[in-house]
Amino acid sequence: MSIIDAQIGLNYQKLRGLDHFLYLETKTPIILVNDCNIELQPIISIAAYELVKQKHVHAILGTLTLQEAAQVLEFDDLTKHIPIISISSTASSPTPSSTKLLSFIQMMTNHINTQMQCIAAIVGHFRWRKVIVIYEHSTSFAADSGIITHLSDSLRSVDSLVEHHLAFPLVSSLSNPGAFIIQELNKLKNMSVKIFTVIQSSLDFAMILFQKAKELGMMEKGYVWIVSDEIAGLLDSIPASDILNMQGVIGFKNNYVDTSESFREFKIRFRRKYRSNFPEEEEYSSPSIYALRAYDATRIIAKAMENLQGKIDSKELVQQILYSNFEGLSGRMSLNNGFLIQKPIFWIVNVVGKSYREIALWSPEYGFTEDLIAYEETKTGIFEGLEGKLSSIYWPGGEQTVPKGWTLAGTEKPLRIGVPARGAFNQFVNVVFDQDRNETSVSGFSIDVFEAAVKQLPYHLPYVFVPYYGSYDEMVAEVHNKSLDAAVGDTEIMADRYVYAEFSQPYIESGLVMVVTVKPGVKDKGFVIVDAFKMEMWIQMAAMSMSSAVAIWLTEYANNNPEIRGSFLQLISSMLWFCITVLSLAHRETIRSNLSRLVLVAWLCVVAAVAACFTAVLSSMLTVPKLQPSILDVDYLLRINAPVGCNGNSFIVQYLINVLHFKPENIRKINSINDYPSAFDKGEVLAAFFVAPHAKVFLAKYCKGYATTGPSFKLGGFGFVFPKGSPLAIDISEAILKVTQNGEVYQLEKHMLSFSNCSTSLTQVADNIGSLGPEPVSGLFKISGSISTIAILIAVARLLQRQWSIHDLVQKSLIMNRVLRWAALVLTECYTRFGLRFFRETIIPRRNHQMNAAHDCMERKEIGLELAINSNIYI
């Protein structure tokens, strides 16, 4: 025998007869207990104890929370081990106390934090920054007060937060719930955030809530409503009149297989029974997830009782229930530590017409997927998370674009965006009134950047530009005072302005720079002629001259030019002198080798080209001197109390006084870009201070005679102004980054500066007139160097060949001398051995005389050769 708690998300009347249906399906005796008044939970716990005691109940099935189950189990030993199966919409997270209640079993798979993660995933997908939380207070919620903490933590992971949360009392405890809900909704309606999420409520409360929200116009364009599984899971059972009050609502419900044969058979039997009890609601007789869970839970109890074979013991019954493992209508029925172990998968649904559309699946592991097929593919490794694309959604009021989720004034009126109408540089903001059309047009670089950023927003942003004729600081103060919803223009991001307003990401970098007139530079260097060439040019000229002279000298020496002779020191000095005299053809040596003449011709071509360049550069340096800033730094201006100019409508005046310490009487306020040249010409100012973007515009328009000088004082950059805490500041900042990274801001800035009618300024021309490098004559250098190298190699080869020729001659002479000596020894041996008289008397004396003469002659030749070798070495 089981007890069913009627709070399964439907009202008690709709569950009447479900006990008999479950009895017919599972053959398990059922007692239906109504506990609609949640405030009487302690009394109902006592009633449950009485039923267990009197009716001998073996199991309890219902929507009891952990705390309620603990009250029942702690009465006495009779109820201590009674299995309690909870089919509450959200399962409590495991706690140390829950692990001690071994007989408390939770049949729902979606823990509170999982539902909160799903809500955060929806909010993060559409990049909403703030939400308002609505819930109906109940005992179960009070027991788990961390639900707001769960949601806040989940929202923080997607860069969002809970702006406000509102707890309604139980609808059953209110004498006039409609009037009370209208009163509270009016408070929410006046808030700027338009994203509402209902995280816990009864069905009765939700129906009244959406009915009154529709009456107050809170189901129109610009609003977003998100409901949890408690409401979305019952959409099949809600009458059409109530569904029509929920048009555009987004929710999520548990996914279960509704195509199996067992489900179809169960649905037929369920609807037949439902029609017999509620014939007027036949259209809404489809079983919800809660009916499926109740059916599966009853089957678990029935199977456990069957396994005990009539010997029902509470402890054994709990063990049999925990061992359950079968495929139920709502999924796999398998328990672990008292929890149903199923990975939660939610269908994201969108209420349209008299029903709803399933637009995407969501799971904690894989995020959003289009359908079950895509979900299975994602499980194989394609992780999408928040990048998964949701199908098109029908939003409240029939809006097709994603609502931005907030308004600045509680209504959807266009934003009133102030623009500076008296700025000195109309290239950034230009306000023109057309009298014929009686309308004001606003244009400029800052306006173009803002409009480009708005196009990047994921929602529609209505706005109108309102010309503002005060100062920039006053315009920022108007945004702070809510007279303006935002401000767009060339507004500098300053620390003192941040106190009153919030700025977007800077769309252009900035810094304070000084612009002065330029003057011709005076050459006071004693060796200005040296500046005609760069140092590397002088070095290469010296190296090329030396290499060419060495090539010519070696070639002539190798060809036995008699004019190139002398001692070693004389040869070195003559070679160095030749390097200098060859430049002007003043050398006294005669060039005889054709190879030397080729080297000389190539080198003379180089000398002619270099001489022409030297003359041209030196002439330009002397006749067109460089332009230099007339004033180099701020300190000089302070020392002489010089008058300076700036935009009198901007922060620069106070910056010059407070930071750079200029005297107020020395600051001239100039309100137009066209007034600066006349102020310089008349001597009213010696320098003008601009922010860097304004300086670019000024130098582009007046490109002759002006230049920036001195250091640049870093500033925050130009940004758009919003009220403190405005979510639009974050969205616009992200959009500015996108248009900056894709190059659109650069193109807009380039277009802004394209009005300049001068291709280059005098300062740039003067800067380009400087020393000449070796690049213009590098080709001639290479040709001359190649020829010189070849000539040097040939000359060295000839000298080596000559040295080898002399060495061979000496070797041949020495060999002949050795041969003659050997022949003399042979003849002497013959004389000794044969002892012929003829040789002794006639031949020998004559031969000795000849040999002595030949020997004397050979000695003289050897002495001559040695002298010749020695003299050649010295040479």
Side-chain angles (χ1 to χ4, degrees), residues 2 4 8-10 14-15 17-30 61 85 87 89 105 107-110 229 232-238 252-279 281-307 320-321 323-336 340-349 355-363 369-380:
S2 303
I4 291 183
I8 306 178
L10 295 174
K14 289 187 179 180
L15 281 177
L18 184 58
D19 55 342
H20 179 63
F21 173 76
L22 293 176
Y23 172 74
L24 294 176
E25 291 289 321
T26 64
K27 305 303 180 182
T28 304
I30 302 296
L61 173 65
I85 300 179
I87 52 175
S89 59
I105 301 167
M107 286 288 294
M108 299 305 285
T109 60
N110 46 320
D229 181 52
L234 298 172
L235 289 175
D236 291 317
S237 305
I238 297 177
F252 55 92
K253 53 180 292 188
N254 276 277
N255 173 60
Y256 55 88
V257 179
D258 57 359
T259 58
S260 64
E261 185 65 26
S262 59
F263 177 84
R264 286 195 293 267
E265 293 176 357
F266 172 81
K267 183 176 180 181
I268 292 172
R269 296 193 302 271
F270 182 88
R271 297 188 69 171
R272 186 185 302 118
K273 179 63 178 177
Y274 195 91
R275 284 196 302 268
S276 66
N277 291 340
F278 309 101
E281 298 182 9
E282 179 180 358
E283 185 180 352
Y284 319 109
S285 58
S286 298
S288 67
I289 182 64
Y290 302 105
L292 301 180
R293 291 288 191 209
Y295 178 77
D296 289 337
T298 308
R299 286 186 63 193
I300 288 178
I301 297 173
K303 286 178 177 292
M305 288 181 175
E306 290 177 3
N307 294 335
Q320 290 297 325
I321 291 174
Y323 292 154
S324 299
N325 187 9
F326 63 92
E327 193 67 33
L329 296 178
S330 60
R332 192 72 187 173
M333 295 294 106
S334 181
L335 298 169
N336 182 24
L340 195 63
I341 49 174
Q342 287 184 16
K343 292 184 178 179
I345 304 174
F346 294 120
W347 270 111
I348 309 299
V349 297
S355 185
Y356 61 89
R357 293 185 301 132
E358 295 176 341
I359 57 177
L361 278 172
W362 181 86
S363 65
T369 51
E370 295 290 344
D371 48 35
L372 286 172
I373 297 176
Y375 174 76
E376 294 299 328
E377 292 178 352
T378 303
K379 287 172 63 177
T380 61

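In this chain, residues are counted from 1 in sequence order.
- Closest approach of G328 and R299 over heavy atoms only: CA-NH1, 4.5 Å.
- Scanning all heavy atoms of the two residues, the minimum distance from I301 to I85 falls at CG1-CD1, 3.6 Å.
- In this structure, Y323 places its OH atom where only 12 or fewer heavy-atom neighbours from other residues, nucleotides or ligands lie under 6.0 Å away.
- Using a distance-only test at 3.5 Å, with no hydrogens or angles considered, a donor-acceptor pair links the side chain of D229 to the main chain of N254.
- Ion pair R264/E261 flagged as a salt bridge, since at least one NZ, NE, NH1 or NH2 atom sits closer than 4.0 Å to an Asp/Glu carboxylate oxygen.
- S363 and P344 get closest at one heavy-atom pair: CB-O, 3.9 Å.
- For the pair I300/M333, a side-chain contact is recorded, criterion being any heavy-atom separation below 4.5 Å from C-beta on.
- Partners of S262 by side chain to side chain donor-acceptor pair (under 3.5 Å), not counting sequence neighbours, listed by chain and number: S260.
- Across all non-hydrogen atoms, the minimal contact from W362 to I348 is CB-CD1, 4.1 Å.
- Scanning all heavy atoms of the two residues, the minimum distance from G331 to D296 falls at N-OD2, 4.5 Å.
- You'll find the side chain of N255 stays beyond 4.5 Å of the side chain of F346, heavy atoms only.
- In this structure the side chain of W347 reaches within 4.5 angstrom of the side chain of L361, judged on heavy atoms.
- By the side-chain contact (heavy atoms from CB on, under 4.5 Å) test, S334 is found to be paired with N325, R332, I341, residues two or more places apart in sequence or in another chain being considered.
- By the salt bridge (Lys or Arg N to Asp or Glu O under 4.0 Å) test, R272 is found to be paired with no residue, residues two or more places apart in sequence or in another chain being considered.
- In terms of the ring-ring contact (aromatic ring centres under 6.0 Å, His included) criterion, residue partners of F263 (sequence neighbours excluded) are, by chain and number, Y256.
- Taking every heavy atom of both residues into account, Q320 and A304 meet most closely at CB-CB, 3.6 Å.
- Side-chain contact between F266 and Y295 is present, with at least one heavy-atom pair separated by less than 4.5 Å.
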